[in-house]
Amino acid sequence: MRIAVDGPVGSGKTTVALKLAQKLGFDFLSTGLMYRYVGLLAECKCKGVENLECLQRLVKGLDFQLQGDRLLVCGESIGSEVRSERAGELASKVAVLPEVRRVLTEHQRRLSKGRNIVIEGRDIGTVVLPDAEVKIFLVATAEERAKRKYEEMKAAGLEVSYEEILKQIKERDQRDATREIAPLKPADDACIVDTTGKSVDQVVEEILRLLEERRVG
Ligand code: DC
């Protein structure tokens, strides 16, 4: 069974999808990590995300593998630097490039083949696995998502402004939802789950209930 979990930045996708995979004993793939990795690589090897020729060469040489919930690239675990805000920004920029999307989509399809897996991203239910057995689309208000990010960053000891985070979230939503290829949107047959005001456990329980209803139905 393949469970696709999509949604905008800060909707809780990664935390919810990982917990769901653990509860079900499924493998887990966060496709955002791949875009983040390519974004950082573009900055360090191609001096930015604008050098398309360099980027295309670079992305073609990548070899991703999945061990349980661990994503490996060329045999090595992806480091924690991909989780930075900077990596998120760069990811959103390389994610508009057709060749990057084409190559990463191929990897995502290959990695999810023949597995029980929870796979999370922006376009899993619409483009990567339109035939996924279950599709979940998480939503939450921009204000709630900004509040979560703000609290997370403050807890990590970072000096941040709530207003600035809210602005960045709105900009990222706009870029992800209006890009030409694979824009962020729910698949027609996705279950929309609103996470506003809910804990991770509550959302996971809600999804498990949905799965149970489906199984019974
Ligand atoms: O989910 P995330 O914050 O790790 O994703 C970082 C960026 O990568 C996000 O702004 C959009 C892009 N992305 C994408 O376009 N398609 C995906 N399947 C996953 C991420």
Side-chain angles (χ1 to χ4, degrees), residues 2-21 28-43 49 55 59 62 64 66 69-71 73 78-112 117-130 132 135-140 142 144-146 148-150 152-153 156 165-187 190 193 195 200 203:
R2 295 152 311 157
I3 303 179
V5 179
D6 292 300
V9 60
S11 59
K13 280 185 321 277
T14 312
T15 326
V16 166
L18 177 60
K19 196 143 200 187
L20 182 66
F28 168 71
L29 174 62
S30 167
T31 59
L33 283 189
M34 293 175 156
Y35 287 94
R36 285 168 179 262
Y37 182 80
V38 171
L40 282 181
L41 212 58
E43 188 171 64
V49 298
L55 238 167
V59 86
L62 294 177
F64 289 103
L66 187 67
D69 61 1
R70 266 189 351 128
L71 180 64
V73 61
I78 289 186
S80 57
E81 62 279 5
V82 289
R83 302 193 193 276
S84 68
E85 282 305 297
R86 175 89 192 123
E89 275 300 302
L90 291 166
S92 181
K93 288 182 181 157
V94 292
V96 301
L97 304 171
E99 187 58 14
V100 170
R101 295 210 77 85
R102 191 187 64 73
V103 174
L104 294 189
T105 297
E106 268 176 25
H107 281 294
Q108 291 155 15
R109 287 182 183 144
R110 175 180 57 79
L111 292 175
S112 50
I117 190 168
V118 179
I119 166 167
E120 70 76 8
R122 301 287 197 289
D123 59 340
I124 310 303
T126 49
V127 176
V128 178
L129 302 175
K135 297 177 189 175
I136 308 288
F137 194 88
L138 299 181
V139 295
E144 164 104 4
R145 292 184 283 132
R148 287 177 190 163
K149 263 248 131 73
Y150 174 75
E152 194 183 297
M153 291 172 84
I165 294 175
L166 182 61
K167 188 172 145 252
Q168 280 172 7
I169 280 190
K170 287 182 174 168
E171 277 168 12
R172 182 97 69 91
D173 279 354
Q174 173 75 4
R175 188 155 56 223
D176 290 345
T178 57
R179 66 175 174 232
E180 258 172 55
I181 319 168
L184 172 72
K185 65 165 189 214
V193 175
T195 72
V200 170
V203 177

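Heavy-atom basis, side chains included; hydrogens, waters and symmetry copies ignored. Computed from a predicted structure; not experimentally measured. Every number for a ligand or one of its atoms is a count from 1 in the order of the listing.
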> Would you say V9 contacts ligand 1, with heavy atoms under 4.0 Å as the rule?
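No, V9 has no heavy atoms under 4.0 Å from ligand 1.
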> Among R122, Q108, R175, which residue places a heavy atom closest to atom 2 (P) of ligand 1?
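The option holding the nearest heavy atom is R122.
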> Is it true that the side chains of S92 and R175 contain a donor and an acceptor less than 3.5 Å apart?
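Yes, R175 and S92 have a side-chain donor paired with an acceptor closer than 3.5 Å.
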> Heavy-atom distances under 4.0 Å are what count here, so tell me which part of R179 touches ligand 1: side chain, backbone, both or neither.
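The side chain, only.
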> What protein heavy atom sits nearest atom 16 (N) of ligand 1, and how far off is it?
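Sorting protein heavy atoms by distance from atom 16 (N) of ligand 1 puts R101 NH2, 3.0 Å first.
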> List every atom of ligand 1 that sits less than 4.0 Å from any heavy atom of D176, numbering the atoms from 1 in the order shown and giving each element.
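So the atoms of ligand 1 that pass are 9 (C), 10 (O), 11 (C).
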> L138 and G12: which non-hydrogen atoms are nearest, and at how many Å?
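It is CD1-C, 4.1 Å.
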> Output the list of atoms in ligand 1 that are nearer than 4.0 Å to some heavy atom of G32, sorted by atom number.
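Those of ligand 1 that fall under 4.0 Å from G32 are 4 (O), 5 (O), 19 (C), 20 (C).
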> May I ask you to check if ligand 1 and D123 share an N or O to N or O distance below 3.5 Å?
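Yes; the residue has a nitrogen or oxygen that sits under 3.5 Å from a nitrogen or oxygen of the ligand.
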> Could you tell me which non-hydrogen atom of V49 sits nearest to which non-hydrogen atom of K93, and how far apart they are?
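Closest pair (atom of V49, atom of K93, distance): CG2-CB, 4.0 Å.
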> What is the closest protein heavy atom to atom 19 (C) of ligand 1, and at what distance does it sit?
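Sorting protein heavy atoms by distance from atom 19 (C) of ligand 1 puts T31 OG1, 3.4 Å first.
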> Around R83, counting heavy atoms of other residues, nucleotides and ligands shown, do more than 12 lie under 6.0 Å from its CZ?
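For R83, atom CZ is not crowded (no more than 12 foreign heavy atoms under 6.0 Å).
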> Only heavy atoms count here, so choose which of G121, A91, A95 is nearest to atom 7 (C) of ligand 1.
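Shortest heavy-atom distance from atom 7 (C) of ligand 1: A91.
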> Counting from 1, what ligand 1 atoms have a heavy atom of R172 closer than 4.0 Å?
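Per the distance check, 3 (O), 10 (O).
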> May I ask you to identify, for R36, whether its side chain, its backbone, both or neither come under 4.0 Å of ligand 1 on a heavy-atom basis?
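Just the side chain.
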> If you compare all heavy atoms of A187 against all heavy atoms of G125, which two are closest, and at what distance to 0.1 Å?
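For A187 versus G125, the nearest heavy atoms are CB-O, 3.7 Å.
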> Within the distance-only criterion (no hydrogens, no angle test), does the side chain of K135 pair as donor or acceptor with the backbone N or O of P186 below 3.5 angstrom?
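Checking the backbone N and O of P186 against the side chain of K135, no donor-acceptor pair under 3.5 Å is found.
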> Does R102 come within less than 4.0 Å of E99, counting only side-chain N to carboxylate O?
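Yes, charged N to carboxylate O under 4.0 Å.
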> How would you list, by chain and number, every residue that makes a ring-ring contact (aromatic ring centres under 6.0 Å, His included) with Y150, sequence neighbours excluded?
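Y150 satisfies ring-ring contact (aromatic ring centres under 6.0 Å, His included) with no other residue.
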